[in-house]
*Asks:* 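Could you have a look at this structure, given as structure tokens, before my questions?
These figures come from a predicted structure and were not determined experimentally.
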Amino acid sequence: MELIQTIFFTLLALGVLVTFHEFGHFWVARRCGIKVLRFSVGFGSPLLRWKDKLGTEFVVAALPLGGYVRMVDEREGDVAESDLPYAFTRKPVWQRMAVVAAGPIANFILAVLIYWIVYAVGVTGIAPVISGVSPGSVAESAGLQAGQEIIAVDGRSTPTWQALNEKLVGRIGETGKITFTVKQPGDSLPSDYEGELQEWLSRADEPDPVSSLGIVLYTPQILPVADEVVPGDPADLAGLQSGDQVISAGGEAMPDWSAWVAYVRARPGEEILLQVQRGEQRFETTVVPKATAAEDGTEIGQVGMSVRIPEWPDHLVRKTNYSLLEAFGRGVEQTWNTSVLILDSLKKMLMGLISAKHLSGPITIAKVAGASAQYGLTAYLGFLAFLSVSLGVLNLLPIPVLDGGHLMYYIIEAVKGSPVPEKIQMMGFRVGMFLVIGLMLLALYNDLMRL
């Protein structure tokens, strides 16, 4: 079921992004008087097709991994005399530039609209309050202490965990000072603390910015309390119910959920004596975890119960509401900040400041799509907006075969007054194909290494 959900939300995300991107090309082409032959979402055999009154064929194809807009173009073969005035190649260079740029711009517009919706609904997050600092860490050398709330990093506000992570991601690979602005418990006046970064996380494959600084953020203790019990599974057969708390297992105290999970996983098929608290009553029962294959092929135990997530203290919950105008402004700002972050990360990767292993491909995208959908509509929309910005930024890179490469050729044509020679364009096309395919293979390799 989880796999089906992941596939569905991945295809939904790709479908939305590709449709908006190609619609950008299509809409501007129509406005420039260019005849559009086909608007396709996906490649391969058509699943659905229809035509509008202007003769454009709309197609939904079998492989939803991209799309295209096919226009009347003399470079692709003979064009009927009657269609020549409507050919892409016969249009002024500024119109061709507009058509090419319209796809990525549509992705930025989509991102702004999604962020607008998210901020208009209201943003809820958890305040980044420190519960511990690791010895010898950047956080310890900076003087950070348990109980402090991090309200800004390098002067940029961090009201929530997510905001803190976003600010720290922008510092990956860097060397220099990092400034934390914190609020002391019971003190309204902020204080600044400085730490020192040295090629921070430049070689990390899957960086965790907060913990890498030695910061442990406060989370409420998750007790081994059952939320749901799967009918017919070992926990159900042992008589456990929703709300029951495991006090001990095999004579060992179970202080939290992770201890309980680790104990069960290590004992597939073994009989375990449990002490359980149910309301005011405490009783004993036995459970035999069923043997299940883990991802690495090892055998682990499972009992078929989920954990009851505790409520966060009210004083740590940050709920921010925006008017429609404010939400739109925040949407524009978030789209801009995300674009800058992506470009900065690409620059650092090219300079060797961060590992190329950070590059992610379709498998990671699918996993994140499925996971974000499980966290709710707002999380999924945020992921969709980030992916839309990424598609817009990457497509504007000056690499032949991408929109940015075509745009580069047209800018050169506008400056010099004549098109870039066909021979040079073909050479650039081959180089661009090599680069794009190489990056795709690297991203796929990184994905496979993370499995």
*Asks:* Considering only heavy atoms from C-beta outward, does the side chain of Thr56 approach that of Phe26 to under 4.5 Å?
*Replies:* yes
*Asks:* Where do Val153 and Leu164 come nearest, in terms of heavy atoms and distance?
*Replies:* CG2-CD1, 3.6 Å
*Asks:* Are Pro190 and Val182 side-chain neighbours, meaning at least one heavy-atom pair lies under 4.5 Å?
*Replies:* no
*Asks:* For the residue pair Ala29 and Met71, what are the closest heavy atoms and their distance?
*Replies:* CB-SD, 3.7 Å
*Asks:* Looking at Met433 and Val401, what are the two nearest heavy atoms and their distance?
*Replies:*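 Shortest heavy-atom contact: CG-CG1, 3.7 Å.
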*Asks:* Identify the heavy atoms of Ala102 and Val28 that sit nearest to each other, and give their distance.
*Replies:* CB-CG2, 3.4 Å
*Asks:* Using salt bridge (charged side-chain N to carboxylate O under 4.0 Å, His left out), reason through Glu422 and Arg75 one step at a time and then give a plain yes or no.
*Replies:* CA-CA 10 Å; Glu422 190 71 25; Arg75 297 169 298 180; over 6 Å; no
*Asks:* Taking Glu140 for the side chain and Gly136 for the main chain, is one N or O donor matched with an acceptor at less than 3.5 Å?
*Replies:*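 At least one qualifying donor-acceptor pair exists.
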*Asks:* Test salt bridge (charged side-chain N to carboxylate O under 4.0 Å, His left out) on Glu166 and Arg156 and set out the steps.
*Replies:* CA-CA 10 Å; Glu166 288 177 359; Arg156 299 175 66 186; over 6 Å; no
*Asks:* To the nearest 0.5 Å, tell me how far Ile354 CD1 sits from Ile172 CD1.
*Replies:* 7.0 Å
*Asks:* Of the non-hydrogen atoms in Leu402 and Leu394, which two are nearest, and what is the gap between them?
*Replies:* CD1-O, 3.4 Å
*Asks:* Could you go through Tyr193 and Gln148, starting from their C-alpha distance and side-chain angles, then the distance that decides it, and tell me whether this counts as side chain to side chain donor-acceptor pair (under 3.5 Å)?
*Replies:* CA-CA 11 Å; Tyr193 293 79; Gln148 295 173 331; 3.2 Å; yes
*Asks:* Give, for atom CZ of Arg90 and atom CD1 of Ile34, the distance between the pair rounded to the nearest 0.5 Å.
*Replies:* 13.0 Å
*Asks:* How far does CE of Met305 sit from CD of Glu228, to the nearest 0.5 angstrom?
*Replies:*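 Answer for the CE-CD pair, Met305 versus Glu228, is 11.5 Å.
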*Asks:* Do the non-hydrogen side-chain atoms of Phe88 and Arg96 ever get within less than 4.5 Å of each other?
*Replies:* yes
*Asks:* For Glu57 and Lys51: C-alpha separation, side-chain torsions, deciding distance, then whether salt bridge (charged side-chain N to carboxylate O under 4.0 Å, His left out) applies.
*Replies:* CA-CA 4 Å; Glu57 182 183 37; Lys51 285 190 176 184; 5.9 Å; no
*Asks:* Which label fits Trp312 and Trp161: parallel for a plane angle under 30°, tilted from 30 to 60°, or perpendicular past 60°?
*Replies:*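 Trp312 and Trp161: perpendicular rings.
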*Asks:* Check whether any side-chain heavy atom of Arg330 lies under 4.5 Å from a side-chain heavy atom of Trp116, and answer yes or no.
*Replies:*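 When only atoms from C-beta onward are counted, Trp116 and Arg330 do not touch, as no gap falls below 4.5 Å.
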*Asks:* Apply salt bridge (charged side-chain N to carboxylate O under 4.0 Å, His left out) to the pair Glu299 and Lys290, showing each step before the final yes or no.
*Replies:* CA-CA 10 Å; Glu299 195 175 69; Lys290 63 180 180 181; over 6 Å; no
*Asks:* With a 3.5 Å distance limit and no angle check, can you tell me whether His25 reaches the backbone of Val99 through a side-chain donor-acceptor pair?
*Replies:* yes
*Asks:* Between the main-chain N or O of Pro85 and the side-chain N or O of Lys91, is there a donor-acceptor pair closer than 3.5 Å?
*Replies:* yes
*Asks:* Are the side chains of Tyr68 and Phe43 in touch, meaning some heavy atoms are under 4.5 Å apart?
*Replies:*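 Sidechains of Phe43 and Tyr68: in contact.
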*Asks:* Is there a side-chain contact between Ile309 and Val307 (heavy atoms, below 4.5 Å)?
*Replies:*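 The answer is yes, as the side chains (C-beta and beyond) meet within the 4.5 Å cut-off.
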*Asks:* Tell me the closest heavy-atom pair linking Pro104 and Asn395, and the distance in Å.
*Replies:*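 Scanning both residues completely, I find the closest heavy atoms to be CG-CB, 3.9 Å.
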*Asks:* With under 30° as parallel and over 60° as perpendicular, where do the rings of Phe39 and Phe23 fit, or are they tilted in between?
*Replies:* tilted
*Asks:* Would you mind reporting whether Trp200 and Thr175 have side-chain heavy atoms less than 4.5 Å apart?
*Replies:* no
*Asks:* When the ring centroid of Tyr119 is compared with that of Tyr322, is the distance short of 6.0 Å?
*Replies:*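 Distance test on ring centres: under 6.0 Å, yes.
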*Asks:* Side chains of Asp192 and Thr181 only: does a donor on one sit below 3.5 Å from an acceptor on the other?
*Replies:*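 Yes - a donor-acceptor pair under 3.5 Å links their side chains.
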*Asks:* Indicate whether any N or O donor in one side chain lies under 3.5 Å from an N or O acceptor in the other, for Thr89 and Glu74.
*Replies:* yes
*Asks:* Assess the pair Phe383 and Phe9: is the distance between their ring centroids shorter than 6.0 Å?
*Replies:* no
